[in-house]
Each structure stands twice: as structure tokens, then as C-alpha cells.
Amino acid sequence: MSQILIIYTGGTIGMMSDPVTKVLKPINFEQIMDNVPELEKLNCKIKVHSFKEIIDSSNMNPEIWSELAGLIESHYDDVDGFVILHGSDTMAYTASALSFMLENLAKPVIFTGSQLPISAIRTDAKENLMTAIEIANAKKNDRARVPEVCIYFDYKLFRGNRSFKYNSSKFEAFRSPNYPILAESGVHLRFSVNDIRHPGEASLILHKNLVNEVAVLKLYPGISPKVVAATLNADVRGIVMETFGAGNTTTDQWFIDLLKDAIDSGKVILDISQCKVGTVELGRYETSKQLKDIGVANGYDMTFEAAVTKMMYLLGQLDDPKEVKRLLEVDLRGELTVS
Ligand code: ASP
């Protein structure tokens, strides 16, 4: 019989309303199990690892990502797939980070959670959990059907590093506008076979070291030299710059000079768009030509979540900013499409 490891980190799925304060607070996994007797009926064995500290995912951080990735590695040979119960707020960040940390992944790592606690009458948690387990357990010709880090939510399976939390109040919490969904569940569970990545024969490599020396520069008309300089001069090694449209910025000389000084001092600047759909095309407009010339990295159609975690991952692997820049522009785990 196949085995699935459920790793419980926290999130609304396992929360209950405090009788006095009325705020939602995490509960332990046994209480979750009590709400899902269906777990007994599955045709696979379920093992559970509950984190010592159950958290709201707004408290997620790279240390916990390392712990999570290490846990997956240590159970990798014993189980057929993983389901990670996680709050939806930062789920796309954790899924993106793990996609980079787990190189050559050949087993499913399926993140899920819910918008309503599992004990709520109209909860979305049960469907999300049961189908996530089914996906983690799905095989064809003895091979996992989805050997990727994914998010399963509201009947859809997304590539983790292509998704972002889009809606805080509907069950349809996630979107992946620049990449097709990998599976959809309804009466049948249908996989989009041609969109799913399959690794080669190489073994899993775990990369635990993420470096959080990353700043974010979000542009807006009227941004002042003071604000841009403060961000670029922060004590960091990488800057994710959220630009307009197809990767465009002001052409004001002070702005280009500040970016150039930062790059010359050894910092890496990555250009991603504030648009959720479409791609950065450095050099298409006059307003991005100079960015390309001074050595800003092209983030193509990466999500913000993938951009930040990929930067942390590469800074943890490499000292040479030129190498970091080169690899930021390469599709490492299906996170971008080079156009
Ligand atoms: N605040 C919760 C969390 O991210 C929201 C959720 O689980 O959906 O932990």
C-alpha cells in the first residue's frame, strides 16, 4: 500500500474560534483528524508530521522552509508523496521556495489549506485535503503523475512557483495566470499531462541555504530619489524591482545612475512586472533599453513570490553577482518562460 506523509504547519484549515476573544487560533492535528473520518477510507496509508509550533502562515520564514525541505528529504525514500497543510496567505511563497530547494524532485509535494476552518459547516477544507491526498498518491505506470511542488485549492492544481494568492475571501484563492493549471477535479480528476514537468533520473538534491538579503523596489509615478536610494543602498545583495508593463521604468538620469551604481557595487537587480499577466521584455521600449544595457536581470513572467525566493536561493548558492544574474534569467524549475 502506498504511503503519504501529511506535514501540518498550520493555517486556517486547522484553526478554531477562541470562545472568549473570537479570533481564529491554530489547533492540533488530532482535532483536525476528528473532523475528517473519510481519511480512514483512503486506499493509502497516511503518516502525519505536525510541526511543534503550529503557525498562521504570516509568521512563515526561511528557517521554517529549511526545516520543511529537510523533513521532505528525510522521508523521501519512505513515502510516495507529500501533502503540506499550510495557511494560504504565504503558501505561494513557501511552495516557490521549496521548488528551488528540492532539485530533481520526483515525488509530489502538494500544498493545500482552506479559507474556512475544517470544523466549519461550509468548509472548503475537506475537499482540498482529500483531493490533495489523491493527487499526491496518483501514479501512472508506477510513476508519480505530478512530481512537482504544487498548490491544490478549490478544484484546481497549480504549479507552486507560478501561483499567487489572488482572493482573500473566495474559496478560489489562487491563480496562475502565466501557466496552465496542472489538473482540475470535478466528477473526474483530469491531469494536463503535457504541462507537468518530469525530472530525469538524477537524485534529489536538497539546498537548505537561503539568504534573505533581498530588498523590494516597487515603482510608482513620483517615486523620489530619496526612496529609491534608500532601497538600493540597503545592506542587501539582491533587489527585486517591480516595474511597469513589459518591464519599463522612468528614464530619468538620476534613476538610471542609482541603479547602475548599485549594480557596479555588486548588487543584483531583477526586473519583474507589476502586471500579473504577461512578461518583461527588456529593450522593447525605450523605457527599458537602458536597464538591459546596465545589467538589470530579466525576470520574464515570474511571479513576485517566485522572484523573491529564487533570489534568496541563488544568493545562498553563489557569491558571484554575474552568475546570480545569469541564473535568474534561466528557467530552473518551470518558474518562467523565456520569451
Ligand atoms: N491567515 C491564514 C494563514 O495564512 C489564512 C489561511 O490559512 O488561509 O495562516
Side-chain angles (χ1 to χ4, degrees), residues 6-36 39 48-69 71 82-99 109-133 135-136 149-176 181 185 210 212 276 303-306 308-309 312:
I6 297 181
I7 303 176
Y8 175 44
T9 69
T12 299
I13 191 164
M15 290 192 187
M16 244 176 200
S17 179
D18 184 289
V20 181
T21 62
K22 304 286 180 233
V23 296
L24 283 173
K25 287 193 340 200
I27 55 172
N28 63 35
F29 196 80
E30 285 70 49
Q31 289 166 278
I32 295 188
M33 295 285 254
D34 292 346
N35 283 281
V36 204
L39 280 172
V48 177
H49 179 100
S50 196
F51 267 52
K52 273 204 195 75
E53 202 194 335
I54 299 304
I55 59 166
D56 183 299
S57 77
S58 298
N59 284 318
M60 193 43 77
N61 60 50
E63 286 74 45
I64 309 180
W65 293 341
S66 294
E67 197 182 333
L68 199 47
L71 203 58
F82 300 85
V83 170
I84 322 281
L85 301 183
H86 191 292
S88 62
D89 288 351
T90 63
M91 189 183 286
Y93 290 88
T94 305
S96 298
L98 285 211
S99 75
V109 174
I110 314 296
F111 279 79
T112 197
S114 62
Q115 294 280 54
L116 281 177
I118 203 151
S119 55
I121 297 197
R122 288 191 307 103
T123 188
D124 51 332
K126 285 187 195 175
E127 199 289 316
N128 285 349
L129 173 59
M130 298 310 287
T131 307
I133 295 172
I135 292 168
V149 179
C150 299
I151 291 179
Y152 179 75
F153 225 92
D154 195 41
Y155 302 102
K156 292 189 181 76
L157 184 71
F158 306 95
R159 176 171 296 159
N161 60 30
R162 289 289 194 155
S163 52
F164 68 96
K165 185 167 178 182
Y166 157 80
N167 198 314
S168 64
S169 43
K170 287 194 173 175
F171 288 159
E172 182 210 358
F174 289 90
R175 288 217 170 156
S176 157
I181 54 170
S185 91
L210 297 192
N212 69 350
K276 294 293 188 187
T303 60
F304 176 72
E305 291 82 345
V308 168
T309 54
M312 288 184 184

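Order of listing sets the numbers, starting from 1, for every ligand and every atom in it.
- Contacts of F153 classified as ring pair (Phe, Tyr, Trp, His ring centres under 6.0 Å), with partners at least two apart in sequence or in another chain: F174.
- The distance criterion of under 3.5 Å between nitrogen or oxygen atoms is not met by K165 with respect to ligand 1.
- At distances below 3.5 Å, at least one donor-acceptor pair connects side-chain atoms of K126 with backbone N or O atoms of N35.
- Here is the list of ligand 1 atoms found below 4.0 Å of a heavy atom in G11: 7 (O), 9 (O).
- Below 3.5 Å of separation, one finds no N or O of S58 facing any N or O of ligand 1.
- With A173, S114, S57 as candidates, the residue nearest to atom 3 (C) of ligand 1 on a non-hydrogen basis is S57.
- Side chain of Y93 to backbone of M60: no donor-acceptor contact under 3.5 angstrom is found.
- Counting non-hydrogen atoms of neighbouring residues, nucleotides and ligands closer than 6.0 angstrom, the OH atom of Y155 reaches no more than 12 such neighbours.
- Of the candidates N128, L129, I133, I135, T131 forms a side chain to side chain contact (heavy atoms under 4.5 Å, CB included) with just one, namely I135.
- Here the heavy atom of the protein found nearest to atom 8 (O) of ligand 1 is S88 OG, 2.4 Å.
- Of all the atoms in ligand 1, the ones that sit under 4.0 Å from a non-hydrogen atom of T12 are 2 (C), 5 (C), 6 (C), 7 (O), 8 (O).
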